[in-house]
Amino acid sequence: MSKVKLRIENIVASVDLFTSLDLEKVIEICPNSKYNPEEFPGIICRFDEPKVALLVFSSGKLVVTGAKSVEDIEGAVSKLVGMLSKIGAKFQRAPQIDIQNMVFSGDIGMEFNLDAVALALPNCEYEPEQFPGVIYRVKDPRAVILLFSSGKIVCSGAKSEHDAWEAVKKLLHELEKYGLTESWEF
Amino acid sequence: RLRKWQRRIRVSDAAERNLAFALSELDRMAAQLSLPRNLKEMAAVLYRKAVMEHLIRGRSIEGVTAACLYAACRMAKIPRTLDEIEEVARVDKKEIGRSYRFIARELNLRLPPTNPIDYVGRFADQLGLSERTKRKAIEILKEAIKKGLTSGSGPMGVAAAALYIASVLEGEKRTQREVAEVAHVTEVTVRNRYKELVDKLGIKLNI
DNA sequence: GCTTTAAAAAGTAACAT
DNA sequence: ATGTTACTTTAGAAAGC
């Protein structure tokens, strides 16, 4: 009997500030930022607290990545809004934040023979020549799980921790169904 | 009407030209890799199936063609690595891999991962090893696979490690560097895999 | 499709010590 | 012969090529 665990590793969110931005001005107030419109249309900005990376676009839309919690994303957006206000940006309404992707690392607490897993599990990919893990796609909730021979996993594509758990449970039920495991305790 | 006829002719023309191009690509790559004719024909059959299933849409002929050759090699148990296919293909490894996964899924080719044992013959020949050593390497690999070791590891590295161990055990030792070279892996990989096999299988080597 | 961001898993690789 | 760094895979958004 083993305990299955999941740890959040990264959260990606898209944000709309509902205001157009002059990136040339934004560059000057962002300490560690990079802006090469030739290679990428947005400003790449990093915050130390909360520790995230932001992509700022002239449309007033953002992408926030590297966060470990939704609070980190909200904090980073508030911080940016504060900096932008000092530069003269006006905000008519509250920013809209959409969580787009959450990445978790985890452990099933048991080792697997991936050749056996790949043979028994339908709809999975396993090409050890290219990548050491089995790639398993869950339709509902939509997510992808990478399963390694150590029993460690990576779950990405889920939009909430609940969804990630549901996806992992589906994989566990499939593994159980094909006699690849014993039992768990969540 | 006339216009419809012309369109049909144009379409079949393009289709024929594409097929001819694809077949010449298969010929060229198979020749460069010194692959047997039946293998090339197997790849051509796969390509024709892909065309019939409309799998070429949005994909390059070069990519699908290379993927068919890669798949045919695996089906025939005379695998070439993606790197070897890439060397003679006109698209990169990433594109070949994508096309391969796509046709494998759409044509229901349930190809198991390349078995390290399938590399033993070719690697051993390039190393000038005896049949006895080949058999020893295969024996080691069967045991390792049965015990579920090596899952997650690349088949070439595992095959190289087994050949290295077998060459030492049978008294016709090859260096890790020589084995690594024919297997297209680094010496570090051969070392890591052979150490793992040696202690998980309880083999004692006198080096 | 590509470009840029972040992060984990395990294997392999490239280059340095 | 190690050690460090870096690339493979997964997902998703942003604007533009």
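Just so it is clear: chains get the letters A, B, ... in the order the sequence lines come, proteins before strands, and each one is counted from 1. Values in this document were obtained by computation on a predicted structure and should not be read as measured data. All values below come from the heavy atoms of this structure, side chains included, with hydrogens, waters and symmetry mates left out.
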Between [N] and [M], how far apart are the two [atom1] atoms, rounded to whole Å?
| N | M | atom1 | value |
| --- | --- | --- | --- |
| dT2(D) | dA9(C) | P | 24 Å |
| dT9(D) | dA13(C) | P | 15 Å |
| dT3(C) | dC7(D) | P | 13 Å |
| dA8(C) | dA13(D) | P | 22 Å |

Quick one: label [X] by what it contacts on the DNA or RNA (base, sugar-phosphate, nothing), any heavy atom closer than 4.0 Å.
| X | result |
| --- | --- |
| Ser149(A) | nothing |
| Arg137(A) | sugar-phosphate |
| Lys51(A) | sugar-phosphate |
| Leu146(A) | base |
| Ser150(A) | sugar-phosphate |
| Val144(A) | sugar-phosphate |

Decide yes or no for Leu33(B) and Leu69(B): does some side-chain heavy atom of the first lie under 4.5 Å from some side-chain heavy atom of the second?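 Yes, at least one pair of side-chain atoms sits under 4.5 Å.
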Salt bridge or not between [X] and [Y]? Use side-chain N to carboxylate O under 4.0 Å.
| X | Y | result |
| --- | --- | --- |
| Lys134(B) | Asp125(B) | yes |
| Arg59(B) | Glu95(B) | no |
| Lys51(A) | Asp72(A) | no |

Just checking Phe131(A) against Phe148(A), ring centres under 6.0 Å apart? yes
What is the per-nucleotide protein-contact pattern of nucleotides 12-17 of chain C, from the 5' end, where B denotes a base atom under 4.0 Å from a protein heavy atom, S denotes such proximity for sugar-phosphate atoms only, and - denotes neither? SS----
Looking at Asp118(B) and Ile78(B), would you say the former's side chain and the latter's main chain have a donor-acceptor pair under 3.5 Å?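 A pair under 3.5 Å: no.
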Selection: residues 60-68 of chain A, any non-hydrogen atom under 4.0 Å of DNA chain D: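 Nucleic-acid contacts, sorted: Lys61(A), Val63(A).
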Which base sits across from dA14(C) as a Watson-Crick or G-U pair, both distances under 3.5 Å? dT4(D)
Nucleotide range of DNA chain D contacted by chain B, 5' to 3', under 4.0 Å to a heavy atom?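 So the contact region on DNA chain D extends dA1(D) to dT10(D).
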